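Bear in mind that the values here come from a model prediction, so they are computed numbers and not experimental data. Chain identifiers are assigned alphabetically (A, B, ...) following the order of the sequence lines, protein sequences preceding nucleic acid strands; residue numbering begins at 1 within each chain.
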Amino acid sequence: MNADLQRPKGTQDILPPESWRFDKMRRIALDTARLYGFELLETPIFEQTQVFMRVGESTDIVQHERYSFIDAGGVDLTLRPEGTAAVARAYVQNGMYNWPKPLKLIYWGPMFRRERPQADRYRQHTQFGAELYGSEDPGADSEIILLACRVVEQVGLTNPDVRINSIGCAICRPNYRKALVDYYSARRDELCQDCQNRLEKNPLRLLDCKVDVAIRQTAPDLADYWCDDCKSHIESVMAQVSQVGRPIRRDPYLVRGLDYYTRTVFEVGHPSQGPNTALFGGGRYDGLSASFEGPGAPAVGFGMGIERILSAVGDQFPPDEAPLIYVAHLPGFMGQAQIMAEQLRNQQLATESDLLDRSLKAQLREAGKKARLALIVGGREWEQKTVQVKDFANGQQHIVELENLPLFLKDRLRDESQDTNGGSNL
RNA sequence: GUGGAUGUAGCUCAGCUGGUUAGAGCACCAGGUUGUGGCCCUGGGGGUCGGGGGUUCAAGUCCCCUCAUUCACCCCA
């Protein structure tokens with residue numbers, strides 16, 4: 001295919017069965033969130049560009065990774081690069097600050113960033129996230145962490161590795177920032193090029209440089225600069241999470257890229273993915289809603305990249321397979337087979353029939369690949385108001401009267417523990 | 001934005017130092033039974049060797065350019 005007709009760089013066609021794994025993942029995420037009483041919020045996949053500019057002056061995803069366009073009416077729009085800003089906008093615009101507190105919201109959908117694709121990183125990816133508005137209490141932070149961990153556990157990533165840090169508040173962070181800048185400025189010559197830029201742009205990010213690890217070891221620790229409120233806040237979050245039996249550890253070098261965070265930041269990885277990988281992350285952003293000209297409201301949330309999660313679980317997370325019935329037919333009975341299939345679907349039985357008018361042999365070959373049971377419509381049996389039913393689980397074949405058919409089929413499908421000497425491939 | 005790797009059938013890949021009509025496995029289709037799947041056997045459809053240019057009697061193979069894909073850094077989900 002010509003290059004200019006191909007899928008855009010960094011996007012993907014999600015083919016079956018992967019597409020069904022996505023669908024199952026979504027159901028699990030939403031169901032788990034409902035277990036905690038979260039509500040689902042849908043926002044547009046594009047917003048006015050200012051919505052994202054408000055929240056991330058110094059972050060790459062709003063600086064030079066934006067998919068922006070001017071529409072025919074001259075409005076500056078951007079495909080959303082992340083969920084939190086859009087939810088904050090919706091929160092203010094819809095007056096949700098007047099809703100009963102706390103307000104617990106989740107979202108699911110595509111996000112867009114124009115960056116160079118690599119393993120598990122796409123220009124369009126799917127994110128599931130939660131935002132909890134209206135509570136400053138450490139319990140809100142722990143609720144968010146617990147929900148996110150439960151979701152990944154539901155898909156098979158047990159014992160997630162939770163790392164947490166506090167980047168302080170408007171009162172104590174400036175002190176730390178100054179101490180950090182002083183420390184690194186004195187060693188400017190020893191820093192890598194990236195860190196010299198970070199020193200100007202976003203000093204906190206000096207801490208998670210992978211090159212200058214020796215320098216940061218003697219750098220000032222955030223913990224020594226926390227005010228009393230910030231200190232007791234993170235301690236309570238960690239205590240609360242631990243008390244439900246979920247390990248959590250402080251990572252003194254953990255700071256996150258988006259600059260709207262206050263106090264809590266966290267990332268969660270998994271042992272199967274290596275020591276410091278991030279499957280998802282989040283934090284607190286108490287000042288965000290105020291920047292949308294609404295009343296200030298404390299908030300905490302997480303965002304989870306679904307492609308990364310599914311890549312991490314691998315084949316351990318198969319899609320659900322409906323036990324399928326295939327209606328095969330003898331020559332001249334193709335129409336009858338489809339009518340039969342439709343009647344079985346009326347009984348909520350997943351059913352297919354041949355649409356190519358192929359030989360019985362070919363029909364059964366296809367049926368054997370995808371179905372649990374095959375029906376054969378036509379011939380002598382049809383004249384006696386019966387059909388042949390073949391069970392691929394054991395190779396047995398029965399002649400069943402039409403009026404008893406739905407009951408018979410449901411009975412066979414219910415019994416999962418058939419002997420399998422026939423070689424089912426389900 | 002920086003650096004590395006790779007492009008041969010739908011998929012995974014062979015194709016030695018350039019040498020006849022480019023192959024295999026899997027997948028797909030058909031036949032081996034007048035009305036029966038899997039396993040096995042036989043046959044079949046499918047390829048501008050990513051594209052363009054060059055060297056040569058001869059290029060999938062060598063050279064240049066280009067496009068695409070992929071991995072890492074930056075950043076992030």
Side-chain angles (χ1 to χ4, degrees), chain A residues 1-12 15 56 58-65 80-84 108-129 148 152 192-195 197-198 201-202 205 208-211 255-258 267-269 273 277-282 302-312 326 328-333 356 358-382 387-397 420-426:
Chain A
M1 180 184 283
N2 217 336
D4 58 4
L5 291 177
Q6 289 175 18
R7 145 165 50 82
K9 184 192 289 285
T11 62
Q12 48 181 349
L15 275 35
S58 72
T59 67
D60 278 8
I61 65 174
V62 304
Q63 279 298 304
H64 37 266
E65 293 180 0
R80 64 182 178 196
E82 51 98 36
T84 297
W108 172 288
M111 306 292 166
F112 305 85
R113 300 174 188 177
R114 196 188 180 289
E115 57 189 350
R116 288 279 281 269
Q118 54 187 278
D120 299 328
R121 305 184 54 172
Y122 303 93
R123 290 185 170 185
Q124 175 179 341
H125 73 279
T126 308
Q127 234 178 92
F128 168 66
V152 296
C192 67
Q193 187 57 52
D194 288 328
C195 278
N197 294 337
R198 281 189 271 245
K201 242 172 51 172
N202 197 348
R205 296 203 60 81
D208 62 1
C209 177
K210 295 169 192 74
V211 182
V255 290
R256 287 177 58 77
L258 299 161
E267 283 183 357
V268 177
Q273 306 299 300
T277 54
L279 284 175
F280 64 89
F302 73 86
M304 182 181 288
I306 300 306
E307 285 82 358
R308 279 189 189 178
I309 301 288
L310 289 179
S311 164
Y326 190 97
H329 65 85
L330 293 167
F333 284 83
L356 291 170
R358 290 194 288 196
S359 68
L360 182 60
K361 180 193 183 86
Q363 293 179 65
L364 287 174
R365 190 162 45 228
E366 183 186 349
K369 275 178 219 150
K370 51 166 72 162
R372 165 70 196 283
L373 298 170
L375 271 52
I376 300 169
V377 168
R380 303 181 292 278
E381 293 84 354
W382 191 254
V387 289
Q388 294 261 8
V389 178
K390 182 188 261 297
D391 188 340
F392 290 115
N394 51 29
Q396 289 175 0
Q397 213 161 310
T420 53
N421 58 358
S424 162
N425 45 18
L426 278 182

- B:A22 and B:G50: how far apart are their P atoms, nearest whole angstrom? 15 Å

- Task: Output all residues satisfying side-chain contact (heavy atoms from CB on, under 4.5 Å) with A:Leu356, sequence neighbours left out; order by chain, then residue number.
- Result: A:Asp354, A:Arg358

- On a whole-Å scale, what distance lies between the C1' atoms belonging to B:C71 and B:C64? 25 Å

- Query: When all nucleic acid strands are considered with a 4.0 Å heavy-atom cut-off, which category describes A:Glu381: base, sugar-phosphate, or nothing?
  - Reply: base

- Between the CG atom in A:Leu330 and the CD atom in A:Gln388, the distance rounded to the nearest 0.5 Å is 9.0 Å

- Just checking A:Arg205: base, sugar-phosphate only, or nothing, at a heavy-atom cut-off of under 4.0 Å? sugar-phosphate

- Item | B/S/- contact track for nucleotides 25-31 of chain B, protein heavy atom under 4.0 Å | ---SSSS

- Message: So, taking the atom named OG1 in A:Thr11 and the one named NE2 in A:His125, what distance separates them when rounded to the nearest 0.5 Å?
- Response: 14.0 Å

- Whole Å only: how far is the CG atom of A:Asn197 from the P atom of B:G1? 17 Å

- Message: B:A77, OP1 or OP2 - any side-chain N/O from A:Arg256 closer than 4.0 Å?
- Response: yes

- Between A:Asp120 and A:Glu307, the two heavy atoms sitting closest are OD1-O, 4.3 Å

What pairs of donor and acceptor atoms, side-chain ones from residues 108-118 of chain A against any protein atom, are under 3.5 angstrom apart with sequence neighbours left out?
{"unit_1": "A:Arg113", "atom_1": "NE", "unit_2": "A:Pro81", "atom_2": "O", "d": "2.7"}
{"unit_1": "A:Arg113", "atom_1": "NH2", "unit_2": "A:Pro81", "atom_2": "O", "d": "2.9"}
{"unit_1": "A:Glu115", "atom_1": "OE1", "unit_2": "A:Arg121", "atom_2": "NH2", "d": "2.8"}

- Query: If you write RNA chain B from 5' to 3' in dot-bracket form, with Watson-Crick or G-U pairs under 3.5 Å, [ ] for crossing pairs and | for pairs with another strand, what do you get?
  - Reply: (((((((..((((.....[...)))).(((((.......))))).....(((((..]....))))))))))))....

- With a 4.0 Å cut-off on heavy atoms, is A:Glu82 in touch with a base, just the backbone sugar-phosphate, or nothing at all? nothing

- Item | Footprint string (nucleotides 69-74 of chain B, 5' to 3'): B base within contact, S backbone only, - free, heavy atoms under 4.0 Å | S-SSBB

- Strictly by modelled atom types, are A:Tyr326 and A:Glu366 linked by a side-chain donor-acceptor pair under 3.5 Å? yes

- In whole angstroms, how far is the P atom of B:C75 from the CZ atom of A:Arg113? 14 Å

- Take atom CG of A:Leu310 and atom C1' of B:A77, then tell me their distance rounded to the nearest Å. 12 Å

- Message: I need the CZ-P distance between A:Arg372 and B:G37, as an integer number of Å.
- Response: 19 Å

So which protein N/O to nucleotides 46-51 of chain B N/O distances come out below 3.5 Å?
none

- What is the distance from atom CZ of A:Arg123 to atom CD of A:Gln12, rounded to the nearest 0.5 Å? 13.5 Å

- Please measure how far the C1' atom in B:G45 lies from the corresponding atom in B:A68, and state the result in whole Å. 28 Å

- Item | Spacing between A:Glu307 atom CD and B:A77 atom P, to the nearest angstrom | 13 Å

- Task: Write down the distance separating the C1' atoms in B:G15 and B:U20, rounded off to the nearest Å.
- Result: 15 Å

- Task: Kindly indicate whether the side chain of A:Gln397, heavy atoms from C-beta on, has any atom under 4.5 Å from the side chain of A:Val389.
- Result: no

- Task: Pick base, sugar-phosphate or nothing for A:Ile306, based on heavy-atom distances below 4.0 Å to the nucleic acid.
- Result: nothing

- Length of the line joining A:Gln388:CD and B:G37:P, which is rounded to integer Å: 13 Å

